[in-house]
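Below is one structure, written out as structure tokens, with a few remarks after it.
Counting convention: from 1, in listed order, for ligands and their atoms alike. Numbers for residues simply follow the sequence, beginning at 1.
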Amino acid sequence: MKSDNFRDLVPYVPGMQPGFKDMIKLNTNESPYPPSPKVIEASASFNAADLRLYPSVDVGPLRDALAEYHGFDRSCVFVGVGSDDVLATIFQACFNSGRPLLFPEITYSFYEVWARLYNINTRKIPLKSDFTIDADDYIGVENGGIVIANPNAPTAIAMEKGEIVRIIENNPDSVVVIDEAYVDFGGETVLDCVNKYDNLIVVRTYSKSRSLAGARIGYCIARPELISVIETVRNSINSYTNNRPAIEMGVASIRDEEYFRAMIKKVIDTRERLTKELRELGFNVLPSSANFVFAEPPAGITAKEVYDGLAEKHIYVRHFKIPGIDNYLRITVGTDEQVDIMLNEVREMLKSIHKMWH
Ligand code: PMP
């Protein structure tokens, strides 16, 4: 067969999903805690006989629940199969001008993949030397759209709301997408700006703060005119996206605010302890507003060596072989117990290096 029949693509590489029973998995920013008991109840009482029917065509009950929860009309909400699905649909629907799409050079690497898939020109903007995003770099630059993860990944650093608003205000002719996958862990949302700016799309996910990565639920909120453009693309590919059990679980999760807040608090408390202890071990840890930390090991050991040493013990963190961040590790905040086991292994590694030196 001729090879020019096929597209030449470099796909996104997600974190490993190894199958070891004893593993500690701190590599894909999942929650270490189960979803709300209300979600578990909804899943247990789901009537599998209903699976003979297609799900509702516009994710009806979940869309309504999200609209009510965030205080918007349902015409402002679009739901997809994880925020990856929502983002991919937005890329296809909104970045068609031929002008370059702007996003940070170091950010969620799927943005680059979708841009290539849909033949979107890009211009990647370097971060500042402290890994922060400078709003001024996104102002007065010709573009056909802007995507910013806030907090950013994998740096975990959040941008101030006022800075994001400056970007939105100064690019009135471009769609500005703010990917708030991690915002519940300490970032400032711009959801309340959606009614004011018709060029803003805020993207959210159930995968992190709602402990539902496996259910694949993401959504975005924007003015109805933008939502209908996104919906048109969706309905030109696949009319039935989220499945029936996921829709019910998604609604149940929204109904348990108390549990949601409690789990977020646990993750934040553990993150602060993890940050402090890594710093005591000599790591450079960037200030995190997410459910993970981004950390550079002390002199004498590289990120890759720490990664390999931990993987040998079935403890998985994430290491990116990307210039500029290849001596950093992205470590998801686990339970206190998981974090302690990981820290002990790191401590042992550092001890054996010191022995070699002295
Ligand atoms: N945005 C960012 C910044 C992410 O880190 C992730 C997680 N890989 C996603 C979006 C996608 O998450 P999901 O598809 O599970 O909602």
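Protein heavy atom at the shortest distance from atom 14 (O) of ligand 1 is R216 NH2, 2.8 Å. Considering only non-hydrogen protein atoms, atom 7 (C) of ligand 1 sits nearest to K208 NZ, 3.0 Å. For atom 8 (N) of ligand 1, the nearest non-hydrogen atom of the protein is Y108 OH, 3.2 Å.
Listed by number with element, the atoms of ligand 1 under 4.0 angstrom from any heavy atom of A181 are 1 (N), 2 (C). The ligand atoms of ligand 1 that sit less than 4.0 angstrom from a heavy atom of S207 are 13 (P), 15 (O), 16 (O). Below 4.0 Å from some heavy atom of G82 lie the following atoms of ligand 1, by number and element: 14 (O), 16 (O).
Take K266 and apply the side chain to side chain contact (heavy atoms under 4.5 Å, CB included) test, not counting sequence neighbours, and it matches Y33, M263. Considering only residues two or more places apart in sequence or on other chains, D326 meets the side chain to side chain donor-acceptor pair (under 3.5 Å) condition with none of them.
Residues R116 and D8 are not paired through a salt bridge, judged by the lack of any N-O separation under 4.0 Å between the basic side chain and the carboxylate. Under the 4.0 Å criterion applied to side-chain N and carboxylate O atoms, D136 and K128 are not assigned as salt-bridge partners. Salt bridge absent: R223 and D198 never bring a charged side-chain N and a carboxylate O closer than 4.0 Å.
Contacts between Y182 and ligand 1 below 4.0 angstrom, taking non-hydrogen atoms only, involve the side chain exclusively. Contacts of D84 with ligand 1, taken as heavy-atom pairs under 4.0 Å, involve both backbone and side chain. Contact annotation: for S83 versus ligand 1, heavy atoms closer than 4.0 Å belong to both the backbone and the side chain.
The side-chain tip of R330 points at the ring of F292 from less than 6.0 angstrom away and within 45° of straight on.
The structure places OG1 of T89 at 6.5 Å from OH of Y118, a figure rounded to the nearest 0.5 Å.
Distances from atom 2 (C) of ligand 1 to the heavy atoms of I148, D179, T28 show the closest one on D179.
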